[in-house]
Every structure is written in structure tokens, then in C-alpha cells.
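These numbers come from a predicted model, not from an experiment.
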Amino acid sequence: MSRVQDIQQRPKASGNQVISNIRLQKSRRFKQNIPLLIMFIPVLLFYGIFKYLPMGGLVIAFKNYNFADGILGSPWVGFKYFQMLFVGSNTVNIIKNTFILSLLRIIFGFPAPIILAILLNEVRKTWFKKSVQTIIYMPHFFSWVIIGGVVVSIFSQETGIVNHFVKMVSGQPYPFMYKSQSWIAIFIGSGIWKEAGFGTIIYMAALTSIDTSLYEAAVIDGANKWKQIWHITLPGIKPTIVTLFVLSTGSIMEVGFDQVFMLQNSVVASVADVISTYIYRVGLQGAQFSITTAMGLFESLVGLVLVLVSNWIARRFGESLW
């Protein structure tokens, strides 16, 4: 009874004391995290200077921009250039090309690193696994200038390695780089060859988090390799797959300039001319900054909407980024 009375007789902390303790804890936590916050400053500066500050230039899309008047002095034209984008058949075709190439890249390119990671995960020879990882990861470090030169050398109509064997069989070379269907196939294939290795490393890291006892239990239950992959491996890396898929949908209207520019030619311009090359040709070379800014803003808005929709769908299945 004496202990109970003791506790009852102790002075209770007032509301001000509780608030003071909370503030003290927050201050102590802030001081402990000061080194981490200092390390984060370069990241904030990078995104502030190179990502958010240039967004102010988007106002050019709503103005008849010229160098003499500058961004602030140029006259407002409202949505004139956005209307021009959807009235001209050329710009509509460019948007369609961008969407088709990006969609094909996701359909064929997104599963490639997942398949490679699962196959490598089943390899038991360490030296072989490391060798394959190095080989498939190496193209990621090469620029598209190098990769594009290699691809053109392989599929060139006159001196290409592939056409060397084609001429031996049919007697006539095939213009791989000058046919729309074959050019698209080369575009998708070269993209997979360059970037699949990087994605494989990410999925290989995710695979290491799967509990190995699950595989042992599956073997005891008589599950073969296919069932182990379907019921253990894929569910184990599902959060990583969903995260990367949501991020990839955000760039569905962004094919990328380097790859297309290095591989395209005037013969296949009807399928190879995309938003990035249009902005380079019309905006930088033709100095039509307003309409190309409108095109870039449209591209960004579509990407934002696709990310939001993809994340909403992922949330319905219990996985989302936010």
C-alpha cells in the first residue's frame, strides 16, 4: 500500500512539461542528424538548380518567345502552341511514334532483367554467374555513340556482319536499318542489350532478401523449379517489380534522344522521329522555342498522369510508392 500511495503522491507532469520534453527530444534528434543533413545539402542543391529552377522556363510555352524581349517581355499567346501540336499531322505522328516505341520498350524490355536475374539466381557455379553478370552489365557503361556504332556495323546493308550471312543464304543483302519493322526491332533489341544488365543487378539484390528456408520447404513438398519461381521468387521480388514498373510508366512518353538520334535515318523517319528529336530539330536548330516547350510540357504532364494512375493501380493490389 505504501508504494501505491507513494506513486499517487508523486507530482504529475504538467502539459507544459510534456511539451518541453517533446521539444527537447526533437532538438536532440536534430543535433544528432546534423551530419546527415549536411550530406543531403548537395542533393537539394542539385535538384533545386537543375530540376526545379528550370521549370520557370515553362512559361515560354504560353508566350510568343523571342530573344529581344526575353521570357518576361515576350507577348502572351495562351494555348496557341498547344493547339498547333494537335492540329499538325506531323506533331501528332511524332507523339504516336514516341508512345508506340516507349510502349514496346516496356513490353519487351521490362521483363528482360527479371528473367535474367531469375536465371542467374538458379546458377550454382559462382565463377560462371559472376562472368555472365559482368558481360551483361558492361554495355550499361558505354555511351550510345559507341553502342550505336556497333549496332550500325552489325546491321549495315553493305558491310554488316548479319548481311554477310544473309548474302550467303539469299544472295541479296537486307536493309535492316531502312525498313520500319526491322528498325523498330533493332531499336528495342539494342535498348535491352544496353540496359538489361543494370536492371538485373537490382533484381539480384532483391532476390537476396528471400528466405532460403522457403525453397527448402518447397523442395520437401515436391515443388519443382517452375513452381518455386512462381510461388516464392516472383512474390519475393514483387515490391521491387512494382516500384520499377511505376517509375518506368512515368517515362513512357520519353524515348530518349541518344539512342534514337544514333540509329535513325531519313528513310525510317516516319517511325523514328520522336519528341526528343523533334525538340532538338525544331527547338534548338530551328529556334522555335515556344512550340517545343509546349511539346515538352505535354510530355511531362502525360508522364505525371501515367505515374499517378500506375501507383493507384498498384495500391489496389497492396503495393504502391506512396
Side-chain angles (χ1 to χ4, degrees), residues 47 50-65 71 76-111 144 180 183-184 187-188 191-192 195 199 241-261 263-264 268-286 288-317 319-322:
Y47 277 93
F50 297 104
K51 299 295 182 180
Y52 290 100
L53 189 61
M55 287 184 182
L58 294 175
V59 71
I60 295 175
F62 305 95
K63 289 190 168 189
N64 186 15
Y65 175 75
I71 296 177
W76 291 91
V77 294
F79 292 93
K80 171 186 174 182
Y81 291 107
F82 290 93
Q83 294 173 351
M84 291 174 61
L85 290 180
F86 298 102
V87 170
S89 59
N90 185 38
T91 52
V92 172
N93 185 61
I94 288 169
I95 295 172
K96 183 186 72 173
N97 291 342
T98 305
F99 181 79
I100 291 174
L101 290 178
S102 296
L103 188 63
L104 290 174
R105 186 173 59 181
I106 291 177
I107 292 173
F108 294 101
F110 186 79
W144 272 112
S180 299
W183 187 91
I184 293 175
F187 174 84
I188 302 299
I192 294 174
E195 299 299 340
I241 294 174
V242 172
T243 300
L244 294 180
F245 180 75
V246 171
L247 293 175
S248 65
T249 55
S251 59
I252 197 169
M253 292 298 290
E254 183 182 350
V255 175
F257 174 77
D258 297 345
Q259 182 183 7
V260 180
F261 186 75
L263 298 179
Q264 72 174 188
V268 293
S270 59
V271 296
D273 198 10
V274 294
I275 290 177
S276 57
T277 55
Y278 173 81
I279 291 175
Y280 169 74
R281 186 179 65 255
V282 177
L284 295 180
Q285 294 184 331
Q288 299 182 36
F289 300 105
S290 295
I291 190 170
T292 51
T293 304
M295 178 72 87
L297 180 57
F298 167 75
E299 177 187 6
S300 301
L301 290 175
V302 171
L304 175 62
V305 171
L306 289 173
V307 167
L308 295 176
V309 172
S310 300
N311 189 71
W312 177 79
I313 295 173
R315 190 185 297 116
R316 299 294 296 271
F317 291 94
E319 301 287 345
S320 64
L321 292 182
W322 63 86

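Closest non-hydrogen pair, Ile275 versus Ile94, comes out as N-CG2, 3.5 Å. Here the closest heavy-atom approach between residue Phe108 and residue Ile192 is recorded as O-CD1, 3.6 Å. Smallest separation of non-hydrogen atoms from Phe257 and Ser276: CA-OG, 3.5 Å. Here the closest heavy-atom approach between residue Ser102 and residue Val255 is recorded as OG-CG2, 3.3 Å. The two atoms that bring Ile95 and Met295 nearest to each other are CG1-SD, 4.0 Å, heavy atoms only. The minimum heavy-atom distance linking Ser180 with Val268 is given by the pair N-CG1, 4.2 Å.
Contact check for Leu284 versus Ile279: no side-chain heavy atoms found under the 4.5 Å cut-off. Taking 4.5 Å as the limit, every side-chain heavy atom of Phe110 sits out of range of all side-chain heavy atoms of Thr249.
Residue Phe298 is tested with Tyr278, Phe86, Phe82, Phe99 for a ring-ring contact (aromatic ring centres under 6.0 Å, His included); the sole match is Phe86.
Under the 3.5 Å distance criterion, the side-chain polar atoms of Thr292 are matched with a main-chain donor or acceptor of Gln288. Gln259 places a side-chain N or O within 3.5 Å of a backbone atom of Phe187 that can act as its donor or acceptor partner. In this structure a side-chain-to-backbone donor-acceptor pair under 3.5 Å is missing from Thr277 to Asp273. The main-chain N or O of Val260 is never found under 3.5 Å from a side-chain atom of Trp144 such that the two would form a donor-acceptor pair.
Here CD1 of Ile291 is found 11.5 Å from CG of Asn64. Values are rounded to the nearest 0.5 Å. Of the inter-residue distances, the one linking Lys96 atom NZ with Thr98 atom OG1 reads 11.0 Å to the nearest 0.5 angstrom.
Residues Tyr65 and Tyr81 keep their aromatic ring centres 6.0 Å or farther apart.
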